[in-house]
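Below: the structure, in C-alpha cells.
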Protein chains: 2
Amino acid sequence: MLSYTEENYLKALLMLGLQNEDKPEVGTNDMAAYLGVKPATATDMLKKLKEKDLVTYQKYGKILLTAIGRKKGIAVLRKHRLWETFLYEKLDFSWDEVHEVAEQLEHIQSEKLVNKLEEFLDFPEFDPHGDPIPKANGEIPIVHRILLSEMKENETCRVVAVKDTSALFLQYLERLNVTIGTKITVLEVVDFDGSLNVQIGNAPVRSVSVKFAESLFVKK
Amino acid sequence: MLSYTEENYLKALLMLGLQNEDKPEVGTNDMAAYLGVKPATATDMLKKLKEKDLVTYQKYGKILLTAIGRKKGIAVLRKHRLWETFLYEKLDFSWDEVHEVAEQLEHIQSEKLVNKLEEFLDFPEFDPHGDPIPKANGEIPIVHRILLSEMKENETCRVVAVKDTSALFLQYLERLNVTIGTKITVLEVVDFDGSLNVQIGNAPVRSVSVKFAESLFVKK
DNA sequence: TAAATTTGTTAGGTTAGTCTAACTTTAGTA
DNA sequence: TACTAAAGTTAGACTAACCTAACAAATTTA
C-alpha cells in the first residue's frame, strides 16, 4: 500500500511525463517544484520509490515511471478526475473550485468506491477541464487537440480543454463565457505580439493574448 | 487546522463520551483501545490536545472535551455520517461496507463540500445505521430509543438503529431481513438465559439471544 | 575547453505519530 | 488498611516526510 505522499509523487511524475509526450522523463527539480517541496526531499523520496520498483533512475539521471509506477499514478489521476466531475456535476462546484478538493479525495482507498462513482456519473469521458478520465483498466483516452495559439487565420475550432487550470484563468474564462465546447473563430493573428483577434461564440470580436491562446486546448 | 490524527482522537472522545450519556468522561485506555493505539501514544496526544485547548484533563484523571474540542469532533462525525449516507443511498454500498470508507472520507477538508453533500442527500436526519446526523450548527438530534433487550413481553416496536455496527452483526441482520424500520414484537422473554421470542416483520416467530437484543435500538 | 551556471545529492537535523519497557498512581479487594 | 491489580505516565527509540547547508556532477556558454 502506498502512502498519501508516495501517491502524490507518482501522480506528479505521470503528469509531468504526459506534458512532454515524446519523452516522459522528468527531472528532480521539476518534480520538487510541482509538489512544492525542496529538491533534496524529492531525491530522498526517489530512492524510496526506486527501492519499491515504482521508478527507474540513477544518480544525476532522469526519472521514469516503471509500468507499476505508471499504473498506480494513473489510478490516482483517474480518481482525481472522477471526483472533479462529481463535484462539478452533482454538487454544483465551479470550474475553479474542484481541483483543491479533488486533491484530497484522490487518495481515498477503495476500488469499489471509484468504480461505483464512475458508474454513478455515467462513465464520463472527460473531467470538467476537458481532460480525459483514465478507464479502470488504466487506459487514458487519447485526445487529439491543439493549442488555440497553433490555429491559423480564418480557422474555426471548439474548446476541448484548458491547459492552465489556475483559478485566475478559469475565472477569466467564465467572464468571457468560454466553457468546454465553446466555438472560437480566429480572424487575425497579429504578427507584432502574437495576439489573436477571435470571435468567441456570438460575442463581438475581441483580442486575446498569446498567453491566453497558449492556455486553451481546442479541436478544429 | 487539525491533523487527520488529531481529528480521530476528538471523534473517539466524542463517541466514547456519547456512549455514557450521563458522564461523558473518558479514560486513556478506552480511548487508546478505540483508536487501536497503545495507551502511551494516547497520553502523548492528550498533552497535545490539552495544549491546544481541545480537551481538559490532568494526569491520571479523566478526559473531557472542551466546547471547541466537542465542536470539532462533531464536525468529523457529521461528515462521517453524511458520507455513509451517500455511499449507501447513491453508490449502492451495503450496510456493512460504508463505515470503512467513511473513516477516510470524514477527513476531507471543505466546508462547502460537506454542506453541498448534505443538500444533495436532501438533508438526511439519520445515517444508514439509524444514527442521527449532526446539523451544520453542531446540533445532534436527540433520538428517543431503547435497546430491544429492554422491551417487555407483548410489546411491539420498530428498529431505529444498530448499536453494534460490526460487519458480522449487520450481515446477520440482513439475513434476518432486519433493517431500520422493521417491526418487531416481543412475545416472550425467557428467564433462563434472557433470550427473546420475537416476531420480526411477518416472519415466523423465532428466538434471539440477549447479545442480539442488546445490539439493536428500537422505539416503541 | 575552461569557467560559470544549473541541476541534483548528501549529511545532519526537525516534527508528528507511533512503539516498548519501566515506572507511578489510583482503585478494588482481602 | 494494606496489598494487588488496573490504569495511566515517562523515557527513550523508530519511521516518514520534510528542511537547510554544503557539496558534486552535468550542462551551457564564453
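Letters A, B, ... mirror the listed sequences (proteins, then strands); counts begin at 1.
Between B:Tyr9 and the phosphate of C:dA16, there is no side-chain N or O to OP1/OP2 separation shorter than 4.0 Å. At least one side-chain nitrogen or oxygen of B:Thr41 sits closer than 4.0 Å to the OP1 or OP2 atom of C:dC19. For the OP1/OP2 pair of D:dT10 and a distance below 4.0 Å, the side-chain nitrogens and oxygens of B:Lys47 include at least one atom meeting the criterion.
Note: A:Trp83 and B:Phe86 have tilted aromatic rings, judged against thresholds of 30 and 60 degrees for the angle between ring planes.
Here the shortest heavy-atom pairing between A:Arg78 and A:Lys135 reads NH1-C, 3.4 Å.
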All N/O pairs under 3.5 Å across the protein-nucleotides 4-7 of chain D interface:
none

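If you measure from atom CE of A:Met1 to atom P of D:dA16, you get 16 Å, rounded to the nearest angstrom. In this structure, CE of A:Met45 is placed 11 Å from P of D:dC19, rounded to the nearest angstrom. Across the protein-nucleic acid pair, B:Leu2 atom CG and C:dA16 atom C1' stand 14 Å apart, rounded to whole Å. When the P atom of C:dT10 is taken as reference, atom CG of A:Asp44 falls 9 Å away, rounded to whole Å. In this structure, A:Asn8 atom CG and D:dA16 atom P are separated by 17 Å, rounded to whole Å. Atom CD of A:Gln58 is separated from atom P of C:dG8 by 14 Å (rounded to the nearest Å). Note: CG (B:Leu49) to P (C:dA16) measures 12 Å, nearest angstrom. When the P atom of D:dT10 is taken as reference, atom CG of B:Leu46 falls 11 Å away, rounded to whole Å.
A:Lys79 places a side-chain N or O within 3.5 Å of a backbone atom of A:Ile108 that can act as its donor or acceptor partner. Checked by atom type and distance alone, the side chain of B:Ser215 pairs as donor or acceptor with a backbone atom of B:Lys211 at under 3.5 Å. Looking at A:His99, its side chain never comes within 3.5 Å of a backbone N or O of A:Thr165 through a donor-acceptor pair.
Nucleic acid contact class of A:Thr43 (heavy atoms, under 4.0 Å, all strands): base. Within the 4.0 angstrom heavy-atom criterion, no nucleotide atom of any strand lies near A:Tyr4.
A residue-by-residue look at A:Lys59 and A:Val37 shows that A:Val37 has its nearest nucleotide of DNA chain D further toward the 5' end.
Of the candidate nucleotides D:dC18, D:dT9, C:dT20, C:dT20 has the atom lying nearest to any side-chain atom of B:Lys38.
Taking 4.0 Å as the cut-off between side-chain N and carboxylate O, A:Glu125 and A:Arg81 do not count as a salt-bridged pair.
No side-chain donor from either of A:His80 and A:Asp127 sits under 3.5 Å from a side-chain acceptor of the other.
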